[in-house]
Amino acid sequence: MEQKNTYEVHEIEKKWQKHWEKNRSFVAKDGDSRPRFYALEMFPYPSGNLHMGHVRNYTLGDVVARYQRMNGKNVLHPIGWDAFGLPAENAAIKNKVHPEKWTRQNIAVMREQLKALGISYDWEREFATCDEAYYKWNQWFFIKFFEKGWVYKKKASVNWCPSCLTVLANEQVSASGQCWRCDSVVQPKELEQWFIRITDFAEELLKGHELLKGKWPEEVLTMQQYWIGRSDGAEVHFSIEGRQDKLTVFTTRPDTLFGATFMAIAPEHPLAKELAAKVGKSAELDTLVKGQRERKRQRQEADEKAGFFLGVNAINPIHQKPVPIWVADYVLMDYGTGAIMAVPAHDQRDFEFATKYKIPVIEVIGDPAKPVAKFDKAMEADGVMMNSGEFNGTPSSDGKRKVGEWLKAKSQGKPTVTFKLRDWLVSRQRYWGTPIPMINCSRCGLVPVPEKELPVKLPTDVEFTGQGQSPLALSASFVNVKCPKCKGQAKRETDTMDTFVDSSWYYSRFCDSKNSTAPFDPVKANWLPVNQYIGGIEHACMHLIYSRFWHKAMKRLGLVSCDEPFDRLLAQGMVTLGGSAMSKSRGNVVDPNAIISKFGADTARMFILFAAPPTKQLEWSDAGVEGSWRFLNRVWRLINDTVAKSKPQGTLSEEQQKSLKRKTHWAIQKVTNDYGIEIQINTAIAAVMELVNELYLYPALGDATSKEAVRAVVQLLSPVAPHLMEDLWGILGEKGLCSESSWPKADPAWLVSDTVEIVIQINGKLRSRLQMAPGSSKDVLEREALADEKVKSFLAGKSVVKAIVVPDKLVNLVIK
RNA sequence: GGACUGGUGGCGGAAUGGCAUACGCGUACGGCUCAGGACCGUAUUCCGAAAGGAUUGCGGGUUCAAGUCCCGCCCAGUCCACCA
């Protein structure tokens, strides 16, 4: 009979998956005395199928979870579904399937795929954000935020398709500004929208970075810092000739106030509209507004700046001289005050505008002894104030502060701080999301739905035509309600919430996912913060800022006690094929199912962990997958051979035993560090490979040293290839589950060796090596080095100028 | 235009300022085989017969010693993009 040389992968994987489930091996236990560990991966959008990016994400998280479990931690490793969103609604319009049906079907498929991968989830805590039991709490939070004044309503611009008569999400507008369905040119339209006052938390979000330094990738913190965009400067009030109101600007350079030669206001500024009408240039203004929006939407490179004089002067408070007010298309309405004082000498954008329209340039920062004759570009660096009256001679850095103080003293402005972060627009004119739990009453205004009436459920009598405003508005039974305050006829809010709301607090729901009286029990939330969070870098700004904000809001509400939701963050790299991200449109997708059915989950997991460091881009390679498959079989044969030779077949020499022992403990040490501290799974696997290679060198397996080594191999690989290792654990005759066994400990005695190799360098170049006892003194090392034959030959006719000796490492002889 | 990350053999990648190229893929050779694209082993950065020399995108610098630190440049990827 032919001996099999590959293992029965599918049989083994199924067997252990069933066993773990029956045994409830991965269920997190509340009220357990062991130290807690919360491992979390960003939950998936149920798009239909798992892709390789998911496999990488969830496998990485699983190694962390399984490793911590074997280290005696009570591990929470949950999974759920980020289930609301546009694709479900698009599918509904195209295929006449209800979004919920489409979503639930996808979840069912993907759940099975995750189970087939053997990810050690606590499935008992699973939920989808489209569950009424979950989105009820989105609504509850919304109302709490409303009561706190963190939620408000104001007009904002949306994408409007004039042919479909519907609001479009940004993703539904093509790069050239056309509707995804009818190709009509999309127009901006002003609608009442809901906002969350995240800007109130800007300072706190920035401050939180202190806690995250060293635990989050520097890259992500930098991106967030830029996104939040704190600028220190001053507000300056300019009076306007012939008017009572003032024009307030924000500047980071109050020290240049004397050099403001014109005011520039945003085309969308209310004053621009009024003044443009007076000078008969409303049409020109409209062109500026449209051009600006167009560029913003298409992320176009800024071309030549444009604008015009609005016919009125402002008065510079610092010297009372008139300054013309212009409208300019490079000024943004939604940053600062929507108006600037333009200082062409010291700001490049102002300079370009001034040059084009022949506006004077006055140098106010520089060297008074050597004034610039003619500017060919703005001088933006700091310097000394000049042409600035009483402030002449003041360095800019002091000037910024002093002018701010002067303005404050004269009530003409004050030092102030501005952020780039905007309030979060959370309303969507969509069906498949959480209904906003508010009621519009003509007498009482905006009234929250009473808590006992939550959740406001999504209506089911809605047709998905893709037309009209919000699909919810099509349900009469949904819209028409009684006002909770005055009991009069009122109308329900028909917008739904941005799906980023769902993902902003889901991690805390996992602490208590079945709670029906609160989003979660604050006591059970002692799992927080998430110890290790893992996900794609693409969420560096949006999701990771929103959830940090939400967490801080929950803290203010007394629901959580820690400051940050995620203690350590790992931003995993993309999975690519042919150098670019896998995508259907590129046709370079590798289906995880195909890999699993050919080689099994363990091979798929191992390859994806081994092929690249977790944070780097991973290039898919079929040959590499086979390499992982071969390695696992190599381990399988090794263990079977060891067991077959349960009676020692000869013995290892003392040297071999020592060497194997050292390799074993070195590998334990290396893997422990790589799983638990660095999360460098690729090098951990390489270390186990080295140990396996050494085991293959020795013919006589079955002795105690070999058994210890083999046992370590199985445990060290268990987080990576859990199914096979579980099976081999049994074959080794071990009791219980490998996934529940105690992580092996490296014995420090075996981490040092009898001799160390000392590298001998001459002028920094490697010339020889010595075997020495560890801890040999510098003198001994130097003497031995000089006595070395090879060294002598290099020394002939030269003299040693200097000798650098690094104990247990090297001797470097500098010769002349 | 700006910010960030990276650039190491034929390929994926290793390397607390101290032996560059661990581990894997591929390739070659040998063993085992009826056979093998299975398995076991050996070799494998480049030049050179060897001694030896060169080598971590390019150019400089610091250091006894640089892939690693500093300065300038080139290239690739990601994100942001008129933020006063």
Side-chain angles (χ1 to χ4, degrees), chain A residues 3-6 217-223 225-227 229-231 233 249-253 256 264 266 292 295-296 299-303 305 328-332 334-343 346-350 352-353 418-422 537-538 540-541 571 573-574 576 579-581 606-607 610-613 615-628 630-631 633-634 637 670 680 682-690 692-693 696-697 757-769 801-806 808-815:
Chain A
Q3 203 199 334
K4 275 182 274 178
N5 53 14
T6 55
E218 196 60 43
E219 185 189 1
V220 173
L221 292 179
T222 312
M223 279 167 75
Q225 196 175 338
Y226 189 77
W227 190 270
R230 185 193 153 110
S231 290
V249 301
F250 172 74
T251 178
T252 51
R253 293 296 301 273
T256 64
Q292 200 177 39
R295 280 199 305 277
K296 185 173 182 178
R299 308 214 149 156
Q300 255 181 10
E301 187 93 15
D303 34 82
K305 298 172 184 13
D329 67 351
Y330 68 96
V331 181
L332 306 171
D334 56 0
Y335 180 75
T337 61
I340 62 166
M341 62 175 213
V343 184
H346 305 292
D347 182 287
Q348 184 58 25
R349 295 156 302 183
D350 299 344
E352 285 165 22
F353 193 86
T418 295
F419 294 91
K420 279 184 200 161
L421 186 73
R422 306 291 144 80
I537 187 85
E538 66 274 19
C541 285
M574 282 190 310
T576 59
S580 47
M606 181 163 151
F607 169 71
F610 180 62
T615 54
K616 284 181 84 175
Q617 179 182 312
L618 184 153
E619 173 69 13
W620 187 264
S621 143
D622 287 335
V625 178
E626 287 190 42
S628 294
R630 280 208 295 267
F631 174 71
N633 278 293
R634 197 166 145 88
R637 281 190 301 273
K670 171 84 180 140
Q680 286 287 338
N682 54 326
T683 50
I685 294 171
V688 182
M689 284 172 167
E690 285 193 49
V692 169
N693 287 346
Y696 264 86
L697 291 179
E757 191 175 72
I758 305 295
V759 169
I760 316 274
Q761 296 179 337
I762 292 174
N763 289 344
K765 289 196 185 233
L766 173 72
R767 294 303 181 190
S768 186
R769 300 157 200 272
V801 184
K802 197 174 176 184
I804 286 95
V805 183
V806 182
D808 292 348
K809 271 204 177 134
L810 64 81
V811 177
N812 186 15
L813 301 169
V814 184
I815 65 169

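Values below: every heavy atom of this structure, side chains too, minus hydrogens, waters and symmetry copies. Given the structure is predicted, the values throughout are model-derived calculations rather than measurements.
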In whole angstroms, the gap separating C1' of B/G2 from CD of A/Q348 amounts to 14 Å
A/K420 atom NZ is separated from B/C82 atom C1', nearest whole Å, by 11 Å
Output all residues satisfying salt bridge (charged side-chain N to carboxylate O under 4.0 Å, His left out) with [X], sequence neighbours left out; order by chain, then residue number.
{"X": "A/R630", "result": "none"}
{"X": "A/E352", "result": "A/K305"}
{"X": "A/E690", "result": "A/K663"}
{"X": "A/R634", "result": "none"}

Side chain to side chain contact (heavy atoms under 4.5 Å, CB included) filter on A/I804, not counting sequence neighbours, yields A/K802, A/V806, A/N812, A/V814
A/T418 meets the side chain to side chain contact (heavy atoms under 4.5 Å, CB included) criterion, sequence neighbours left out, with A/F250, A/Y335
The nucleotide from B/G41, B/G24, B/G18 with an atom nearest the side chain of A/K809 is B/G18
Testing B/C82, B/G26, B/A20 for proximity to the side chain of A/L766, the answer is B/A20
Within the sub-3.5 Å range, which N or O atoms of nucleotides 63-66 of chain B have a protein N or O partner, and how far apart are they?
residue: B/C64; atom: O2'; partner: A/N812; partner atom: ND2; Å: 3.2
residue: B/C64; atom: O2; partner: A/N812; partner atom: ND2; Å: 2.7

So, is A/R637 near the phosphate of B/C40, with a side-chain N or O under 4.0 Å from OP1 or OP2? yes
Taking only N and O in the side chain of A/Y226, is any of them less than 4.0 Å away from OP1 or OP2 of B/C79? no
A/F631 meets the ring-ring contact (aromatic ring centres under 6.0 Å, His included) criterion, sequence neighbours left out, with none
Contacts of A/W620 meeting ring-ring contact (aromatic ring centres under 6.0 Å, His included) (sequence neighbours excluded), chain-then-number -> A/F607
Quote, to the nearest angstrom, the [atom1] distance that separates [N] from [M].
{"N": "B/U5", "M": "B/C70", "atom1": "P", "value": "11 Å"}
{"N": "B/A66", "M": "B/G59", "atom1": "C1'", "value": "15 Å"}
{"N": "B/U68", "M": "B/A15", "atom1": "C1'", "value": "9 Å"}
{"N": "B/G67", "M": "B/C29", "atom1": "C1'", "value": "33 Å"}
{"N": "B/U21", "M": "B/C46", "atom1": "P", "value": "13 Å"}
{"N": "B/G30", "M": "B/A35", "atom1": "P", "value": "14 Å"}

Here RNA chain B, pairs taken as Watson-Crick or G-U under 3.5 Å and shown with ( ), [ ] when crossing and | when to another strand, reads (((((((..(((.....[....)))((((((.......))))))(((....)))..(((((..]....))))))))))))....
Polar atom pairs between nucleotides 28-31 of chain B and protein, under 3.5 Å, N or O only, would you list them?
none

Per-nt protein contacts along nucleotides 7-14 of chain B (heavy atom under 4.0 Å; B base, S backbone sugar-phosphate only, - none) come out as -----SSS
